[in-house]
Amino acid sequence: MRNIFRNLKKYWYFVILILVLLIVQAYCDLSLPDYTSELIDVGIANSGIEHMVPEYLSEKGFMEVEIFLTDQEKEDWEAAYTYEEENGYYRLTSAEDEQWDSLDEEFAQVIAIVYMMTSQQESELEGVDMTSISAPQMDMSAMDPTQMSAEQIEQFKKVQQTLTDMGIDMESDTLMLDIRGVFAEQLGALGDSIINSMAKYFAKDQYELCGIDLEKLQTDYLWKIGGKMLGMAFAMALAAIMVGFLASKTAAGVGRDLRNKVFRKVIGFSNAELDKFSTASLITRSTNDVQQIQMVTVMLLRMVLYAPILAIGGIINIRHYNSGMNWIIILAIALILCLIIVLMVIAMPKFQIMQVLVDKVNLVAREILTGIPVIRAFGREKKEEERFDEANSRLTKVMLFTNRTMTFMMPTLMMIMNGTSILIVWTAAHKIDAGVLEVGAMTAFITYAMMIVMGFLMLTMISIMLPRAGVAANRIQEVLDTEATIVDRDGASSEAPADATVRFEHVSFKYPDGGKDVLTDIDFVAKPGQTTAIIGSTGCGKSTLVKLIPRFFDVTEGEISIGGMNVKDLSLDALRGQIGYVPQKAILFSGDINSNIAYGAPNATEADIIEAAHIAQAAEFIEEKADQYESAIAQGGTNVSGGQKQRLSIARAIARHPKIYIFDDSFSALDFKTDTALRKALAEKTKDATVIIVAQRVSTILNADQIIVLEDGKMIGKGTHKELVADCEEYKLIAQSQLSEKEFLASMGKEEC
């Protein structure tokens with residue numbers, strides 16, 4: 001996983017900005033349930049009354065609250081209200097939210113106690129005039145019965161008996177505070193939301209007594225809360241859009257950077273590293289694997305970062321409701337975590353296998369598509385279909401296993417989510433029925449619970465993709481961490497030597513994974529103005545030998561020098577910049593003929609391109625085309641013949657004007673007439689250059705100044721054609737097998753008898 005996150009270092013500023021936007025989005029998202037709760041409990045149930053302390057109070061209501069206050073609280077209470085004689089009620093001196101909230105905090109419980117004692121049906125003090133029991137002691141002997149009505153006397157008796165039954169000392173000097181303490185204890189078990197609701201019911205009664213228009217108050221409140229909810233929804237949508245844009249931009253940048261890194265790294269690989277990974281695997285790593293990381297990066301920035309913010313915010317907010325249902329959330333989270341762990345234990349190993357099998361499918365598909373002509377020629381279509389089906393079936397089997405495993409995830413998660421909702425509603429219904437929870441609080445609790453569960457659900461969904469992306473990131477990092485074996489030495493010269501003499505001094509070579517030497521003790525000199533040919537049986541190491549000159553591989557023993565300078569002491573650019581290399585397999589690139597000939601010489605003029613084409617004997621077929629040098633070349637040169645591809649490859653090397661020409665069996669697809677004409681034109685062009693030719697046909701190298709004969713990686717002959725016929729039996733047999741008797745004698749300067 002670390003390899004996924006390290007790709008984001010470059011885009012840290014985007015990640016921070018996304019995090020800020022996600023916090024904004026989460027804040028808006030988490031605010032909506034509170035507003036919904038207020039809309040139900042305040043806007044609908046309480047007629048839009050927001051505060052527990054009423055803005056308007058009747059004289060009776062003012063006194064009912066005051067009798068339960070301490071001396072300090074009485075001072076605060078009296079300071080908070082101003083009596084308006086013209087209206088006959090008390091009004092808050094200041095209605096600023098901050099001061100009002102402070103009053104709510106100080107007096108909400110007392111107001112709820114007053115409401116609970118005087119208004120609730122289950123209260124034994126229902127209907128009692130609290131102002132009439134404000135005497136220091138509830139003792140009938142201390143009162144003058146002549147000054148009291150029968151109703152008052154009956155009320156006193158009722159209150160006295162009720163309070164005594166509640167365990168209150170009727171002789172206490174702090175009787176009203178004792179009463180407040182008893183009811184406060186009962187209220188404490190109900191939760192803050194019920195206390196607030198009771199206080200608001202008291203405020204509603206007071207507003208009605210003061211003649212306040214509750215319908216207008218409610219309408220204004222609903223518009224205010226609705227407007228806030230719309231604003232929050234708009235801000236949340238805007239934040240989500242910005243997060244999506246920035247996450248996509250970041251992921252696209254990560255994908256682009258990884259592709260660039262992989263491509264630049266692979267370009268620097270020698271043949272040894274390319275053989276280690278295989279072409280099919282490198283293609284998969286730079287396409288499919290990068291795509292996996294890019295897709296997961298978007299999910300990480302949009303979901304994985306958002307999920308914990310949402311879940312933690314939901315947990316914090318849900319605690320304010322004191323609903324006693326937090327255990328339901330804990331149970332749901334525990335079930336989700338167990339599900340994730342089980343799925344990961346089962347599916348993780350399969351994700352690692354899956355990427356290897358994707359490589360295998362790509363490899364088989366690439367081989368089949370490349371080798372279609374051979375497959376058709378030998379009638380192997382059915383066999384290759386079976387080979388592809390086998391690779392495809394293995395991948396399909398693993399993918400089906402992981403997908404089937406993951407199919408259990410969504411139904412199980414939905415069951416957990418829906419089960420959580422049902423459990424909350426069932427539990428909350430009992431609490432609402434008992435009067436300890438409000439409907440709006442239940443609605444908010446369900447919403448927050450779903451947010452918390454959804455947060456973990458998001459993490460679960462991303463957990464499906466993370467293992468596969470983690471494997472992909474590791475595979476890409478494996479390529480990036482691989483050091484190329486062919487690199488510039490410290491202090492390597494960037495200046496090519498003036499002399500193009502190529503010298504092999506007792507060179508031996510074996511492949512990195514090879515057991516024995518492919519070339520052994522190769523020693524010769526190829527001079528400018530001369531042609532050095534290399535011939536031998538198939539697999540004797542001819543192509544390997546010439547690949548050592550441009551350092552496609554490094555020698556195991558001995559030394560190769562150009563102009564007296566070891567090729568390892570030259571920078572790769574300087575070394576390869578003076579070599580015109582024509583590979584054994586002619587390779588063309590999509591584009592046109594111009595771009596292919598000028599591939600190694602971007603600054604080549606039109607005259608240089610035409611000259612190179614004429615020397616390579618390619619001008620004839622080029623000029624027959626309608627667009628001539630601007631004629632399109634398909635990918636891989638599939639729209640030209642093998643001989644035409646070879647001639648264009650030769651022209652590409654000639655257009656570079658190198659000091660050293662290397663032709664690796666580059667004339668095999670040419671007819672004898674074209675071969676002869678090409679070598680004749682080439683001899684004039686390369687008279688000052690070093691020419692090394694790998695050939696299978698003796699006729700191609702008859703006039704070479706020096707011929708090297710290889711057998712099992714060893715030099716068994718060196719000299720001109722005539723010298724080798726005389727001194728090297730193996731070369732003589734090759735010459736006699738390829739040339740007619742007349743041609744053989746002519747090559748020796750003799751006439752047929």
**OP:** Would you give the length of the straight line joining atom CD1 of Ile283 to atom CG of Leu363, rounded to the nearest 0.5 angstrom?
**Re:** 10.0 Å
Original post:
Shortest non-hydrogen contact from Gly580 to Pro658?
Top reply: N-CB, 3.4 Å
**OP:** Rounded to the nearest 0.5 Å, what's the gap from CD1 on Ile662 to CD1 on Ile660? Could you check?
**Re:** 6.5 Å
**OP:** Please name the pair of heavy atoms, one in Gly255 and one in Gln294, separated by the smallest distance, quoted to 0.1 Å.
**Re:** CA-OE1, 3.6 Å
Subject >> Interatomic distance, Asp34 atom CG to Leu39 atom CG [nearest 0.5 angstrom] >> reply: 12.0 Å
Original post:
Do Val479 and Val266 touch side chain to side chain, with heavy atoms closer than 4.5 Å?
Top reply: yes
Subject >> Considering all heavy atoms, the nearest Ile375-Glu384 contact >> reply: CD1-CG, 3.6 Å
Original post:
Looking just at side-chain N and O atoms, do Thr605 and Asp608 make a donor-acceptor pair shorter than 3.5 Å?
Top reply: yes
Original post:
Is Leu19 close to Val15 at the side-chain level, that is, under 4.5 Å between some pair of heavy atoms?
Top reply: no
Subject >> Test item: Asn596 side-chain N/O and Gly591 main-chain N/O as donor-acceptor pair under 3.5 Å >> reply: no
Original post:
Between Met303 and Val298, is a side chain to side chain contact (heavy atoms under 4.5 Å, CB included) present by the stated rule, with each step listed?
Top reply: CA-CA 8 Å; Met303 293 176 64; Val298 174; over 6 Å; no
**OP:** Go through Arg285 and Glu478 one step at a time and tell me if the salt bridge (charged side-chain N to carboxylate O under 4.0 Å, His left out) criterion holds.
**Re:** CA-CA 10 Å; Arg285 292 173 198 238; Glu478 185 183 3; 3.1 Å; yes
Original post:
What class does the angle between the rings of Tyr11 and Phe14 fall in, given that below 30° is parallel, 30 to 60° is tilted and above 60° is perpendicular?
Top reply: parallel
Original post:
How about Tyr599: does its OH atom have over 12 heavy atoms from other parts shown lying under 6.0 Å from it?
Top reply: no
Original post:
For residues Ser421 and Asn418, is any side-chain donor paired with an opposing acceptor at under 3.5 Å?
Top reply: no
**OP:** Decide if atom CD of Gln291 counts as having more than 12 heavy atoms of other residues, nucleotides or ligands within a radius under 6.0 Å.
**Re:** no
Subject >> Within-4.5 Å side-chain heavy-atom neighbours: Leu357 and Val361 >> reply: no
Original post:
Distance from Arg647 atom CZ to Arg652 atom CZ, nearest 0.5 Å?
Top reply: 15.0 Å
Original post:
Would you say Tyr27 has more than 12 foreign heavy atoms packed within less than 6.0 Å of its OH?
Top reply: no
Original post:
Can Ile560 and Asn566 be said to form a side chain to side chain contact (heavy atoms under 4.5 Å, CB included), step by step?
Top reply: CA-CA 6 Å; Ile560 301 173; Asn566 191 326; 5.7 Å; no
Subject >> pair Ile593-Leu648: side-chain heavy atoms closer than 4.5 Å >> reply: yes
Subject >> Side chain to side chain, Leu395 and Lys360, heavy atoms closer than 4.5 Å >> reply: no
**OP:** Check Met565 against Ser493 and note the closest heavy-atom contact, atom names and distance.
**Re:** SD-CB, 4.2 Å
**OP:** Report the distance from atom CG of Leu282 to atom CZ of Arg475, rounding to the nearest 0.5 Å.
**Re:** 9.5 Å
Original post:
Taking all non-hydrogen atoms of both residues, which atom of Leu22 and which atom of Leu305 are closest, and how far apart?
Top reply: CD1-CB, 3.5 Å
**OP:** Mind running side chain to side chain contact (heavy atoms under 4.5 Å, CB included) on Ile16 and Trp12 for me, showing each step along the way?
**Re:** CA-CA 6 Å; Ile16 291 175; Trp12 61 269; 3.5 Å; yes
Original post:
Would you say Glu495 has more than 12 foreign heavy atoms packed within less than 6.0 Å of its CD?
Top reply: no
Original post:
Would you call Asp554 and Arg551 a salt bridge, using N to O less than 4.0 angstrom?
Top reply: yes
Original post:
Of all heavy-atom pairs between Val364 and Ala391, which one has the smallest distance, and what is that distance?
Top reply: CG2-CB, 4.2 Å
Subject >> Any donor-acceptor N/O pair, Lys659 side chain to Gly577 backbone, under 3.5 Å >> reply: no
Original post:
Taking C-beta and beyond as the side chain, do Ile18 and Met242 meet within less than 4.5 Å on heavy atoms?
Top reply: no
**OP:** Count the heavy atoms of every other residue, nucleotide or ligand shown that sit under 6.0 Å from CZ of Phe234, and state whether that count exceeds 12.
**Re:** no
Original post:
Do any N or O atoms from the side chain of Asp592 and from the backbone of Ser595 form a donor-acceptor pair under 3.5 angstrom?
Top reply: yes
**OP:** Starting from the C-alpha separation in whole Å, work towards a yes-or-no answer on side-chain hydrogen bond (donor to acceptor under 3.5 Å, both in side chains) for Asp664 and Ser543.
**Re:** CA-CA 6 Å; Asp664 185 4; Ser543 295; 2.9 Å; yes
Original post:
How about Ile476 and Val262: do any of their side-chain heavy atoms sit closer than 4.5 Å?
Top reply: yes
Original post:
Less than 4.5 Å apart, any side-chain heavy atom of Gln578 and any of Pro497?
Top reply: yes
Original post:
Going by an N to O cut-off under 4.0 Å, is there a salt bridge joining Arg387 and Glu390?
Top reply: no
**OP:** Give a yes or no on whether the ring-centroid distance for Phe663 and Tyr581 is below 6.0 angstrom.
**Re:** no
Original post:
Hey, is CZ on Arg394 packed in by over 12 heavy atoms from elsewhere, all under 6.0 Å?
Top reply: no
**OP:** Enter the distance from Leu258:CG to Thr297:OG1 here, rounded to the nearest 0.5 Å.
**Re:** 8.0 Å
**OP:** Assess whether side chain to side chain contact (heavy atoms under 4.5 Å, CB included) is satisfied between Ile328 and Thr420, documenting all intermediate values.
**Re:** CA-CA 7 Å; Ile328 300 175; Thr420 301; 3.8 Å; yes
